[in-house]
Student: 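Below is a structure I'd like to ask you about.
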4 protein chains.
Amino acid sequence: MSTDRSVSEKRQQILEAAVRVFARDGYHTSRVGDVAAEAGVAHGLVYHYFASKSALLEAVFTETWQGLLEAIGRVEESGGPAREQLRQVAAIVLRTWRRDPDLIRVLVREVARSPQVQVQADAIGEVLAPIQRIVERGQAADELRGDLDPRLASWIVWGALEELLTGWVLGRLPDGDEDVAAAERTVTDLLADGLVR
Amino acid sequence: MSTDRSVSEKRQQILEAAVRVFARDGYHTSRVGDVAAEAGVAHGLVYHYFASKSALLEAVFTETWQGLLEAIGRVEESGGPAREQLRQVAAIVLRTWRRDPDLIRVLVREVARSPQVQVQADAIGEVLAPIQRIVERGQAADELRGDLDPRLASWIVWGALEELLTGWVLGRLPDGDEDVAAAERTVTDLLADGLVR
Amino acid sequence: MSTDRSVSEKRQQILEAAVRVFARDGYHTSRVGDVAAEAGVAHGLVYHYFASKSALLEAVFTETWQGLLEAIGRVEESGGPAREQLRQVAAIVLRTWRRDPDLIRVLVREVARSPQVQVQADAIGEVLAPIQRIVERGQAADELRGDLDPRLASWIVWGALEELLTGWVLGRLPDGDEDVAAAERTVTDLLADGLVR
Amino acid sequence: MSTDRSVSEKRQQILEAAVRVFARDGYHTSRVGDVAAEAGVAHGLVYHYFASKSALLEAVFTETWQGLLEAIGRVEESGGPAREQLRQVAAIVLRTWRRDPDLIRVLVREVARSPQVQVQADAIGEVLAPIQRIVERGQAADELRGDLDPRLASWIVWGALEELLTGWVLGRLPDGDEDVAAAERTVTDLLADGLVR
DNA sequence: GATGAATGAGATTTCATTCAT
DNA sequence: AATGAATGAAATCTCATTCAT
């Protein structure tokens, strides 16, 4: 009876081990054998479930990125004020650091640097789309300024969030619960109302 | 007879070849032999000038980062209004894309995944410091809001700029002369005055 | 209930699949998994019937070689004129190409190259023996020249036949029904009466 | 001054080592490391001179086959009687066994199972062509029977010679100097005048 | 008998680095 | 300074074989 799910159990073990190992050593530095050891499985089983080392990294991406996208999608559908929606997006992205720092480490360090430019481009594109739509609706509803290109704005918003994650990944920004909450407020305030008084 | 200067000539050739090759193939994927071939020198000469492959990458960083830092430093010293200083920083950073896209490709893609976390952390730290000081002086001069943490603000500003570069690197944002100018205006306006009308 | 015969059914499926796969990809290049897939059975079942991959190849040999040997044996026992017996041996060997080209592909390519030299030596030895006896009886009956070593002669006869098969395997000789019949005549005439007019 | 030729010296060492190792263990069974060890060079140097293991095997082929072809070519050009030319071809081919048995072992065992069918087909084709021309000229000069297809005849002649080599490779035929000379006479007589008295 | 997930030894190949010239 | 042949550690990936179910 456990066969049904044990198929994915080992696969899942490997995937989670990969996140830990890639986070610790970096994708290029870590060896497939390290991932297998961390997962407690034999060397070759990794290749039973994933075609190659890079396919493993891709699986980490696609299977975790999905959760982020869905959460952001729900914010978009909620239909609240644009400013509030942006705050919620920031909350989702930044709190992921507390929930799964290893995952963020991998995403921040490797997602933008995948050998397959297509993969990263697609990944970023998928996050930017909902942010851009939030901005556009905010402009249509006259909540946001209409003179800023929403596409550029979405890149800027995402860059701000990603860089805060980078600060935590690099250990250059404090990342306690309250620090994350503060960052959430600060980034929202800054993006919404600007630096100028 | 020309030995005095040819020392740096070959070294410079290798350094510039490295930028092109790393930009094209990524640091990890490219081989030392590729760099030598691109530079038109023998394989072993690379090791005459650089201790190792990663030392070569570091040299690319430090020797190009320097120019950026100095340019930003000059803005800081100019002592204009904070808003204007931020605009100039944006101009410096974003126009580098037009001047040397390969260099930006390398910096954007590799700076954050250098095996030596220290190197990247330092590099980012050096850019953030002047930005943070600009913000702090702006707050002291009552030009900028005083309720935003200047450290977080500097990360956000830098993240916005870096992500625009990323958009160009990935080919997902238009990057003609006017597009870059528009991005410059948009990022300054957004960061200074906010999205909300 | 059908266990008694299904034992050999699956076994037979695997054996026939092995011939097709070895013929297509060569013994060394093909994987046990390929044979299983071609046979439509599970990977592990191959090991239920055959001790190892090389045992599978050996089974292909012995179980098909047998038929050839018996057919040649019947020719030998028929006791006709030596020339006619040689013609019949040629017919048996060459017509096998039309009946089962995949089998010939495997035999021609792998029989002389088995890692176990013993296996191939035995296989060839078994074919050479009846040919040699045919020659010897022909000499004894004064039908054939007595000045040629019958052992060497048997190698030469077999080599001529095998090389024609090789020509077909490599696709370098036409292999229609009439072409095969012509080859049969030509090889018999040449070996019996020689090239010189 | 030794640089000029030492380039090929090491290459040659590797090539000759490959012949010995492939002859002893078979191509598939032997490892690149074995060849390197036998040649007394480092593992990786093999890949400096040859693109891959199979390229190494191919080099063994092409660079030795050439000598055989040239020798046969000289016989063809000599323009003697067809029967004498055939005898000389047999002599060339069979005596190679005495001169370089390892090379013959490799050619006989591996040439026909090269993964690239094209390579072996071409190789055989190159040997058959001169033999076929010898037969055709013999027929034109009325020295040989005109009723045998010269193409088929060339395959048969080559098959006879190759099988004698096989007999020696397998250790099933005596291969002293006199045995080789006898085989030479026997195969020439049989092919020229036939088995029938 | 039948399945296919799991194992792990081992092979090819790559490439940073060294070094004799 | 300059060359590029030579080294050899290490990594990915394959696949015959085993085994729990």
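So that the names make sense, note that chain A is the first sequence line, chain B the second, and so on, each numbered from 1.
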Student: For Tyr47(C) and dT3(E), is the shortest distance between a side-chain N/O and OP1 or OP2 below 4.0 Å?
Tutor: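 No, Tyr47(C) has no side-chain N/O under 4.0 Å of OP1/OP2 on dT3(E).
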
Student: Without decimals, in angstroms, what is the distance between Arg11(B) CZ and dA2(F) C1'?
Tutor: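 Answer to the nearest Å: 17 Å.
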
Student: If you find the nucleotide of DNA chain E closest to Ala51(B) and the one closest to Val41(C), which residue's nucleotide is nearer the 5' end?
Tutor: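 Between the two, 5'-proximity favours Val41(C).
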
Student: Could you state the CZ-P distance from Phe50(A) to dA5(E), rounded to the nearest angstrom?
Tutor: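 After rounding, the reported distance stands at 14 Å.
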
Student: With sequence neighbours left out, write down each residue that passes salt bridge (Lys or Arg N to Asp or Glu O under 4.0 Å) with Asp100(D), or none if nothing qualifies.
Tutor: none

Student: Once you round it to whole Å, what is the distance between P of dA2(F) and OH of Tyr49(B)?
Tutor: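 Going from OH in Tyr49(B) over to P in dA2(F) covers 4 Å.
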
Student: Name the residue closer to the 5' end of DNA chain E, choosing between Ser52(D) and Gly33(B) according to the nucleotide with the nearest heavy atom.
Tutor: Ser52(D)

Student: The criterion is side-chain hydrogen bond (donor to acceptor under 3.5 Å, both in side chains); which residues satisfy it with Gln66(B), sequence neighbours excluded?
Tutor: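 Here no residue qualifies.
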
Student: Could you write out DNA chain F as dot-bracket? Rules: Watson-Crick or G-U wobble, both distances under 3.5 Å, brackets [ ] for crossings, | for pairs with another strand, dot for unpaired.
Tutor: .||||||||||||||||||||

Student: Suppose we screen for side-chain contact (heavy atoms from CB on, under 4.5 Å). Which residues come up paired with Ala18(A), at least two apart in sequence or across chains?
Tutor: Phe22(A), Val35(A), Leu56(A), Val60(A)

Student: Within the structure, does a side-chain N or O atom of Lys53(D) lie under 4.0 Å from either OP1 or OP2 of dT13(E)?
Tutor: no

Student: For Gln12(A) and dA5(E), what is the distance between atoms CD and C1' respectively, to the nearest whole Å?
Tutor: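 Value for this atom pair: 17 Å.
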
Student: What is the distance, to the nearest angstrom, from the CD atom on Glu9(A) to the C1' atom on dA5(E)?
Tutor: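 From Glu9(A) CD to dA5(E) C1': 13 Å.
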
Student: Return whichever of Val32(A) or Gly40(B) has its heavy-atom-nearest nucleotide of DNA chain F closer to the 5' end.
Tutor: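 Looking at the nearest nucleotide for each, Gly40(B) comes out on the 5' side.
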
Student: Starting at CD of Gln13(D) and ending at P of dA5(F), how long is that distance when rounded to a whole Å?
Tutor: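 Rounding to the nearest Å, CD of Gln13(D) and P of dA5(F) are 15 Å apart.
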
Student: When rounded to the nearest 0.5 angstrom, what is the spacing between OH in Tyr27(C) and NZ in Lys53(C)?
Tutor: 5.0 Å

Student: Only counting residues at least two apart or in another chain, list the ones meeting salt bridge (Lys or Arg N to Asp or Glu O under 4.0 Å) with Glu126(A).
Tutor: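 By the salt bridge (Lys or Arg N to Asp or Glu O under 4.0 Å) rule, Glu126(A) matches no residue at all.
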
Student: With sequence neighbours excluded, what pairs up with Asp25(B) under the salt bridge (Lys or Arg N to Asp or Glu O under 4.0 Å) test?
Tutor: none

Student: Report, one line per pair, each donor and acceptor closer than 3.5 Å where one atom sits in a side chain of residues 38-47 of chain B; sequence neighbours left out.
Tutor:
residue: Glu38(B); atom: OE1; partner: Arg24(B); partner atom: NH2; Å: 3.1
residue: Glu38(B); atom: OE2; partner: Arg20(B); partner atom: NE; Å: 2.6
residue: Glu38(B); atom: OE2; partner: Arg20(B); partner atom: NH2; Å: 3.4

Student: Output a table of nitrogen or oxygen pairs between the protein and nucleotides 8-10 of chain E separated by less than 3.5 Å.
Tutor:
residue: dG8(E); atom: N7; partner: Gly44(A); partner atom: N; Å: 3.3

Student: Looking just at side-chain N and O atoms, do Gln12(D) and Glu16(D) make a donor-acceptor pair shorter than 3.5 Å?
Tutor: yes

Student: Take atom NE2 of His48(A) and atom C1' of dT12(F), then tell me their distance rounded to the nearest Å.
Tutor: 18 Å

Student: My understanding is that only residues two or more places apart in sequence, or in another chain, count here; which of them pass side-chain contact (heavy atoms from CB on, under 4.5 Å) with Ser52(D)?
Tutor: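 Testing Ser52(D) for side-chain contact (heavy atoms from CB on, under 4.5 Å), a comparison that skips the adjacent residues, returns Ser54(D), Ala55(D).
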
Student: In this structure, how many angstroms lie between the P atom of dT12(E) and the NE2 atom of His28(D), rounded?
Tutor: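 Going from His28(D) (NE2) to dT12(E) (P), I get 10 Å.
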
